[in-house]
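Below you'll find the structure, written out as structure tokens, and then a few comments.
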Amino acid sequence: MRGFWFAIGLLGPMSALADAPSENLLSKMRAAYAKVGSAKLRLDVTRLGRDGEIHHIAGNVAYLKGNRLLAEMVRDKTIPVRLKTDGHMMNAGTGTSLRQQAFSLAAMERVLPVNLETICFWDWQRQLSTDTAGRMYQSTLHVLPNQKWKGKNWLVLEETVPGEAIRYYIDPATYLIRRSYAATSTGQLLIDAYVSDLKLNLPLKNASFAVEALGMDGP
């Protein structure tokens with residue numbers, strides 16, 4: 001499944017051009033995500049699709065350590081975007097049909113219309129790494145302190161790659177990303193995704209992530 005979305009800033013590796021403050025911040029972020037056993041997120045996303053149009057997506061994501069994920073979102077107020085995985089198999093699709101396939105991080109990230117504000121809960125080791133196998137290898141990174149957004153001060157990690165810039169708005173109290181904002185060098189919006197509500201380390205049950213069998217054309 002190719003997915004509906006542009007893969008902005010998600011493809012690597014591209015040697016890290018990160019300064020010392022960026023590496024220090026990334027270290028704190030990795031430590032913070034490593035402590036998260038489960039999370040429930042409410043997401044609001046504005047994103048450029050593969051069709052060249054801007055789309056709005058909103059919904060909920062539940063995560064349980066072990067690559068277990070349940071995402072129920074709606075695109076443009078009418079089109080469901082769904083994904084459920086137990087870390088072994090995955091049911092995912094857009095619209096009325098679901099497709100079952102073996103779990104992989106790459107497949108999951110192709111389906112979900114999100115960025116690092118969500119992906120880091122299950123893939124923080126790769127996403128927040130500037131090592132040769134990390135996604136930020138050869139990205140240029142800078143920390144922008146005390147950036148205002150929604151009436152609060154945020155730490156912002158700015159990542160630039162050829163043709164685009166991505167800003168991650170990080171809660172200075174938790175070191176978790178609450179917003180991903182990306183645009184091209186010409187100002188075209190690629191994504192503005194933020195976590196409007198976040199609950200951590202809840203007692204989620206394994207059964208909630210059980211993947212049901214599908215027929216040939218889905219349920």
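These values consider heavy atoms only, across backbone and side chains, with no hydrogens, waters or symmetry-generated copies.
Within a 6.0 Å radius of NZ in K40, other residues, nucleotides and ligands contribute 12 heavy atoms or fewer. The number of heavy-atom neighbours closer than 6.0 Å to CD of E72, taken from other residues, nucleotides and ligands shown, is 12 or below.
Inter-residue side-chain proximity for I79 and V74 is flagged as unmet; no heavy-atom pair is nearer than 4.5 Å. Residues N206 and D86 fail the side-chain proximity criterion, which asks for heavy atoms closer than 4.5 Å. At least one side-chain heavy atom of L157 sits under 4.5 Å from a side-chain heavy atom of S22. Counting only heavy atoms from C-beta outward, the side chains of I170 and V156 never approach each other to under 4.5 Å. Residues L41 and N60 form no side-chain contact, since every pair of their non-hydrogen atoms from C-beta on lies 4.5 Å or further apart. Contact annotation: the side chain of Q127 approaches that of E109 to within less than 4.5 Å [non-hydrogen atoms, C-beta and beyond]. Counting only heavy atoms from C-beta outward, the side chains of N153 and P172 never approach each other to under 4.5 Å. Contact of the M136 side chain with the L141 side chain is registered, since non-hydrogen atoms from C-beta on lie closer than 4.5 Å.
Scanning both residues, R30 and S129, for their nearest heavy atoms gives NH1-CA, 4.3 Å. Here the closest non-hydrogen pair linking R99 and L214 is C-CD1, 4.0 Å. Contact between T160 and A165 at its shortest, heavy atoms only, is CG2-CB, 3.8 Å. Across every non-hydrogen atom of V211 and Q100, the tightest pair is CG1-NE2, 3.5 Å. The shortest heavy-atom contact between E212 and N91 is O-ND2, 2.9 Å. Nearest heavy atom pair, residue Y63 against residue V36, reads CE2-O, 4.2 Å.
The hydrophobic cluster around L64 extends to L70, L202, L204, F209, counting ILVMFWY residues whose side-chain heavy atoms fall within less than 4.5 Å of a member.
From Y168, atom OH reaches atom SG of C120 across 8.0 Å, with rounding to the nearest 0.5 Å. How far CG of L48 is from CG of L189: 7.5 Å, rounded to the nearest 0.5 Å. Summarising the geometry, atom CE belonging to M29 is positioned 5.5 Å from atom CG belonging to L25; distances are rounded to the nearest 0.5 Å. Note that the CD atom of E158 and the CD atom of Q147 stand 9.0 Å from one another [nearest 0.5 Å]. Separating the CG atom in L128 from the CG atom in L116 is a distance of 6.5 Å, to the nearest 0.5 Å. Note that the CG atom of L43 and the CG atom of N115 stand 11.0 Å from one another [nearest 0.5 Å].
A cation-pi contact, defined as under 6.0 Å to the ring centre and within 45° of the axis, is absent between K152 and W149. With a 6.0 Å cutoff to the six-membered ring centre and a 45° limit on the axis angle, K150 does not count as a cation-pi contact of Y169.
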Does the side chain to side chain donor-acceptor pair (under 3.5 Å) test come out yes or no for D76 and H56, once each step is laid out? CA-CA 5 Å; D76 300 330; H56 179 258; over 6 Å; no
Checking side-chain contact (heavy atoms from CB on, under 4.5 Å) for the pair H55/R75: CA distance, chi angles, key distance, verdict? CA-CA 7 Å; H55 298 272; R75 188 180 83 215; 4.1 Å; yes
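L83 and M89 are not part of a single hydrophobic cluster, where members link through side-chain heavy atoms under 4.5 Å apart.
Identified under the salt bridge (Lys or Arg N to Asp or Glu O under 4.0 Å) test for residues 177-192, with sequence neighbours left out: R179-D192.
A side-chain N or O of E23 and one of T130 form a donor-acceptor pair less than 3.5 Å apart.
Evaluated for a ring pair (Phe, Tyr, Trp, His ring centres under 6.0 Å) with Y33, the options W124, Y175, F121 yield exactly one hit, F121.
Salt-bridge annotation for R135 and E159: present, with a side-chain N of the basic residue lying under 4.0 Å from a carboxylate O of the acidic one.
For A193, the side-chain contact (heavy atoms from CB on, under 4.5 Å) test picks out V45, E117, I191, with sequence neighbours left out.
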